[in-house]
Amino acid sequence: MVGFETFLETPLKERKSFVGYDVPEGVDIRGRYDAEFARILSNDALQFVAGLQREFRNHIKYAMERRIEAKMRYNNGGLPGFDPATMKVREGEWVCAAVPPAVADRRVEITGPVDRKMIINALNSGAKVFMADFEDALSPTWENLMRGQINLKDAVNGTISFNDKARNRTYKLNEQTAMLFVRPRGWHLPEAHIFIDGEPATGCLVDFGLYFFHNYSSFRKLQGQCYGPFFYLPKMEHSREARIWNNVFERAEKMVGIENGSIRATVLIETLPAVFQMDEILYELRDHSVGLNCGRWDYIFSYVKTFQAHPDRLLPDRVQVGMTQHFMRSYSDLLIRTCHRRGVHAMGGMAAQIPIRDDPKANEAAMELVKKDKLKEVRAGHDGTWAAHPGLIPAIMEVFTNNMGNKANQIESVKREEAALLNEEDLLQIPRGVRTMEALRLNTRVGIQYVAAWLTGTGSVPLYNLMEDAATAEISRVQNWQWLKYEVELNGDGLGVKVSRCLFGRVVEEEMARIEKEVGKEKFNKGMYKEACKIFKRQCIAPKLDDFLTLDAYNQIVVYHPSGSSKL
């Protein structure tokens, strides 16, 4: 076994070709060989993925270069805003293709990683949709990615089961299950276990390509009522990135011989620049769209990242940055108006709470907060919303059903035309609130524990009665970075101290001691808490803000095995 960096430093001609996966010309698999994985990584499937990579890699590189240009513009004092060049798209009277009947009703959706037991429980949860996640809720180890593809194939075919020996219980699908959506990774993430023409494959094309190739026919027959498969698309910043996805969909449909518009996708509006591109994103995907989603945790993270060079735009404690903040409410209202004007779903944000089983009073209070949040969403006009845990679904379903009645959605009944008056100032308003030592400590504790779990292969982590994934860990990281960068005063708890590197160093030491106490010495020593602490602390004190927490940590989970196959 060799690490990612060591392999990259090895000259191509010195790398050996091993018997293992049957790969097409130019494809090199460096992940561990497994006979089950070989069913997914067939020659035809890899050829399909390689075809997508070769056709679109230059378009992807160009889009990533434009992201860098936009970042430089914001760092030099610029602000994101509506593009005058696409005003005709925003003001035009076009609509997206009609929503397929199979996904007309999406009032409650559950999300989670592509873990086998999770898939079964989520599909059986009573939610209308399950979003199986290769992105924020998954640590992209080779094992997780490949087993995830196997699990999804079995789920689409209806044959998935899981034998839990510890509980002496076998899990199987119910007769009625949620509709399956799949979220591939974002454009920026590589898949370093698969090389195509000498460079790492694009992670989302691997996720999408393998899943689509193996499942499009069965899905359309068994679930999609002649439509599908269905997807969620993350982390976009501009409509040019949506155009690439649309072209990928068209190419995939053509390659397998199904009708244009069969594939449908919901785009997460989870970056600040994307809120100014919602019409344009839907326009690019108009034959393949089933809506937009308020990815609100990543959106908060993106606000800090976009304004990293703007000391006048400091975030208060993250618990204070909710949908009552004007910039967040404006984003939600404009998303609803945009989606319903274009004939597609406007999906609400995540309820990250998890049931508190050992404290009924605290659990009741948490559930009341969830219901209150979801009541605001449905009354605002959202067609559905997200839950992180099956225990939340009955309560959320009740809230939406009580307000929507028998209607499958609110696309025609709630238009929110007044949101047309929202402008750039509304969408960029500085959030109000205070900053506290407790928030600095919580950010540090959550960030370290999340990275520790991620390094050991877990991407969705229950912490302090919330389900944390990469999005909430990112908020912790960038908020700490921002407060350190500008030495902010902690003005909300009477301490009046400034956040310095010295103070942060003490906080890290003290929170590491608290983590050890909370998880126990044995688990702490066996886990990767010390390694996680180094990564998290380094990113918080770095002079320049890293774009993504997981990009820095990715090399730690990439492992090359000499038993793969290559035809170079």
Side-chain angles (χ1 to χ4, degrees), residues 1-65 134 140-146 148-150 153 184-216 241 244-257 551 554-555 557-568:
M1 282 189 297
V2 294
F4 182 31
E5 288 174 345
T6 305
F7 177 76
L8 288 179
E9 290 165 4
T10 306
L12 199 62
K13 63 183 180 181
E14 292 180 19
R15 299 178 200 163
K16 295 180 180 179
S17 179
F18 296 91
V19 176
Y21 297 106
D22 176 22
V23 298
E25 196 70 31
V27 175
D28 180 14
I29 297 182
R30 305 309 302 174
R32 181 181 72 82
Y33 178 80
D34 185 287
E36 277 194 295
F37 297 176
R39 286 170 40 218
I40 298 297
L41 297 166
S42 64
N43 190 291
D44 287 346
L46 289 169
Q47 206 157 342
F48 181 82
V49 172
L52 296 176
Q53 177 76 16
R54 288 168 180 146
E55 184 163 349
F56 297 108
R57 60 186 164 203
N58 288 335
H59 298 278
I60 297 166
K61 286 176 184 175
Y62 175 73
M64 297 304 97
E65 287 166 3
F134 282 103
T141 66
W142 180 244
E143 302 291 318
N144 284 348
L145 293 167
M146 291 303 104
Q149 292 284 352
I150 292 167
K153 191 171 188 293
R185 284 167 282 181
W187 287 123
H188 60 287
L189 292 167
E191 180 39 62
H193 297 97
I194 300 177
F195 276 62
I196 297 172
D197 301 332
E199 62 183 20
T202 303
C204 61
L205 294 183
V206 172
D207 302 336
F208 165 80
L210 292 176
Y211 172 73
F212 176 83
F213 181 85
H214 286 293
N215 298 289
Y216 76 90
E241 299 171 27
I244 301 171
W245 268 120
N246 194 71
N247 292 339
V248 167
F249 292 163
E250 288 182 345
R251 179 70 175 135
E253 290 165 339
K254 190 175 180 182
M255 286 167 85
V256 301
L551 274 177
Y554 184 52
N555 182 53
I557 63 168
V558 174
V559 179
Y560 288 110
H561 287 255
S563 56
S565 291
S566 62
K567 287 185 183 175
L568 300 172

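All values below come from the heavy atoms of this structure, side chains included, with hydrogens, waters and symmetry mates left out.
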Colleague: For the backbone of Tyr211 and the side chain of Asn215, can you confirm whether one donor and one acceptor N or O come within less than 3.5 Å of each other?
Modeller: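 Yes; at least one donor-acceptor contact below 3.5 Å.
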
Colleague: Classify the ring geometry between Trp187 and Trp245 as parallel (under 30°), tilted (30 to 60°) or perpendicular (over 60°).
Modeller: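 Correct class here is tilted.
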
Colleague: Whether Lys153 and Glu36 form a salt bridge (side-chain N of Lys/Arg under 4.0 Å from carboxylate O of Asp/Glu) is what I want to check.
Modeller: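 Salt bridge between Glu36 and Lys153, a charged N being under 4.0 Å from a carboxylate O: no.
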
Colleague: Step by step, work out the side chain to side chain contact (heavy atoms under 4.5 Å, CB included) result for Leu210 and Phe48.
Modeller: CA-CA 8 Å; Leu210 292 176; Phe48 181 82; over 6 Å; no

Colleague: Minimum heavy-atom separation for Ile40 and Gln149, please, with both atom names.
Modeller: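 Nearest heavy atoms, Ile40 then Gln149: CG2-CB, 3.8 Å.
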
Colleague: Taking the ring of Phe208 and the ring of Phe249, is the distance between their centroids below 6.0 Å?
Modeller: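 Judged by ring-centre distance (under 6.0 Å), Phe249 and Phe208 do meet the cut-off.
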
Colleague: State whether a side-chain donor-acceptor pair under 3.5 Å links Thr202 with Gln53.
Modeller: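 Looking only at side-chain atoms, Gln53 and Thr202 do form a donor-acceptor pair, the distance falling under 3.5 Å.
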
Colleague: Does any non-hydrogen side-chain atom of Val559 lie less than 4.5 Å from one of His561?
Modeller: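 Yes, at least one pair of side-chain atoms sits under 4.5 Å.
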
Colleague: Verify, without hydrogens or angle tests, whether Trp142 (side chain) and His193 (backbone) share a donor-acceptor contact under 3.5 angstrom.
Modeller: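 Pair absent, no side-chain N/O of Trp142 close to backbone of His193.
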
Colleague: Could I get the full list of ring-ring contact (aromatic ring centres under 6.0 Å, His included) partners for His214, not counting sequence neighbours?
Modeller: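 With neighbours one apart ignored, the set is empty.
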
Colleague: Could you walk me through whether Asp28 and Ile194 satisfy the side chain to side chain contact (heavy atoms under 4.5 Å, CB included) test, starting with their C-alpha distance in whole Å, then the side-chain angles of each, then the deciding distance to 0.1 Å, before giving a yes or no?
Modeller: CA-CA 6 Å; Asp28 180 14; Ile194 300 177; over 6 Å; no

Colleague: Is there a side-chain contact between Phe195 and Ile29 (heavy atoms, below 4.5 Å)?
Modeller: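 The answer is no, as the side chains (C-beta and beyond) never meet within the 4.5 Å cut-off.
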
Colleague: I need the minimum non-hydrogen distance between Leu46 and Leu41, along with the two atoms involved.
Modeller: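 Heavy-atom minimum between the residues: CD1-O, 3.5 Å.
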
